[in-house]
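Scroll down for the structure; my scribbles are underneath it.
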Amino acid sequence: QVQLVESGGGLVQPGGSLRLSCQASGFGLEYYVIGWFRQAPGKEREGVACVGTADGTKYYADSVKGRFAVSRTISNNVAYLQMNNLTPEDTGVYYCAAALTQGWAGCEAVVTGTRGPTSWGQGTQVTVSS
């Protein structure tokens with residue numbers, strides 16, 4: 001079982017940036033991808049990005065492509081979501097989650113919702129407002 005802890009949320013003005021971190025622990029992390037999801041008030045949770053822990057594969061939802069960047073460091077098992085040019089529509093609770101799959105296809109399945117993660121972090125609030 002993989003355990004995940006997010007950090008880095010907060011309040012930012014439109015056009016600003018934030019970086020979220022997801023500390024992963026557990027056995028066999030190299031067999032997982034880490035997906036990033038968000039849930040806005042009154043809306044369903046949506047996948048926004050994914051990174052493969054073993055090969056660094058990256059996948060983005062169209063809504064964040066070009067503004068968000070996902071990465072990971074193998075040495076300390078941390079995944080990051082760098083969010084730039086934020087808008088009020090990016091407001092929500094952001095979660096990282098681990099899914100037992102690999103590669104670009106695995107990441108695509110996780111972000112699009114066809115493959116569900118097995119572990120979730122507790123979430124971190126991101127608020128974009130002036």
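Nothing fancy with the numbering, it's 1 onward along the sequence. What you see below is based on every heavy atom in this structure, not just the backbone, and it leaves out hydrogens, waters and symmetry mates. Remember, it's a predicted structure, so these values are computed and weren't measured experimentally.
The hydrophobic clustering, which links ILVMFWY residues whose side-chain heavy atoms are closer than 4.5 Å, places V48 and V70 together. No chain of hydrophobic side-chain contacts below 4.5 Å, direct or via other Ile, Leu, Val, Met, Phe, Trp or Tyr residues, connects L81 to V93. Under a hydrophobic clustering in which Ile, Leu, Val, Met, Phe, Trp and Tyr are joined whenever their side-chain heavy atoms come within less than 4.5 Å, directly or via other members, V2 and V111 fall into different clusters. Hydrophobic cluster membership differs between L11 and M83, with clusters built from Ile, Leu, Val, Met, Phe, Trp and Tyr side chains linked at under 4.5 angstrom.
Here the CG-CD distance, from L4 to Q122, works out to 9.0 Å after rounding to the nearest 0.5 Å. For the atom pair CD (Q82) and CG (L18), the distance works out to 8.5 Å, reported to the nearest 0.5 Å. From E6, atom CD reaches atom SG of C96 across 4.0 Å, with rounding to the nearest 0.5 Å. From Y60, atom OH reaches atom CZ of R67 across 12.5 Å, with rounding to the nearest 0.5 Å.
Applying the side chain to side chain donor-acceptor pair (under 3.5 Å) test to R19 and every residue at least two apart in sequence or in another chain returns nothing. With sequence neighbours left out, S119 forms a side chain to side chain donor-acceptor pair (under 3.5 Å) with Q1. Residues passing the side chain to side chain donor-acceptor pair (under 3.5 Å) test with S17 are N84, sequence neighbours excluded.
Between V110 and P117, the closest heavy-atom pair is CG1-CG, 4.4 Å. Scanning both residues, A61 and G47, for their nearest heavy atoms gives CB-O, 3.5 Å. Between Q102 and A54, the shortest heavy-atom contact is OE1-CB, 4.4 Å.
Sorted by first and then second residue, the salt bridge (Lys or Arg N to Asp or Glu O under 4.0 Å) pairs involving residues 44-64 (not counting sequence neighbours) are R38-E46, D62-K65. Residue pairs that meet the ring-ring contact (aromatic ring centres under 6.0 Å, His included) test with at least one member in residues 109-130, sequence neighbours left out, are F37-W120.
When side chains are defined from C-beta on, V126 counts as touching L20, because their heavy atoms get closer than 4.5 Å. Side-chain contact between Y95 and W36: absent, with no pair of heavy atoms (C-beta onward) separated by less than 4.5 Å. With contacts defined as side-chain heavy-atom distances shorter than 4.5 Å, the pair R72/Y80 does not qualify. Two residues are said to be in side-chain contact when any heavy atoms from C-beta on lie closer than 4.5 Å; F68 and L86 meet this criterion.
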List the steps, then state whether side-chain hydrogen bond (donor to acceptor under 3.5 Å, both in side chains) holds for E89 with T91.
CA-CA 5 Å; E89 288 68 38; T91 294; over 6 Å; no
Pairs of donor and acceptor atoms involving the side chains of residues 22-34, under 3.5 Å and at least two apart or interchain, shall be tabulated with distances.
unit_1: Q23; atom_1: NE2; unit_2: N76; atom_2: O; d: 2.8
unit_1: Q23; atom_1: NE2; unit_2: N77; atom_2: O; d: 3.3
unit_1: S25; atom_1: OG; unit_2: Q3; atom_2: OE1; d: 3.4

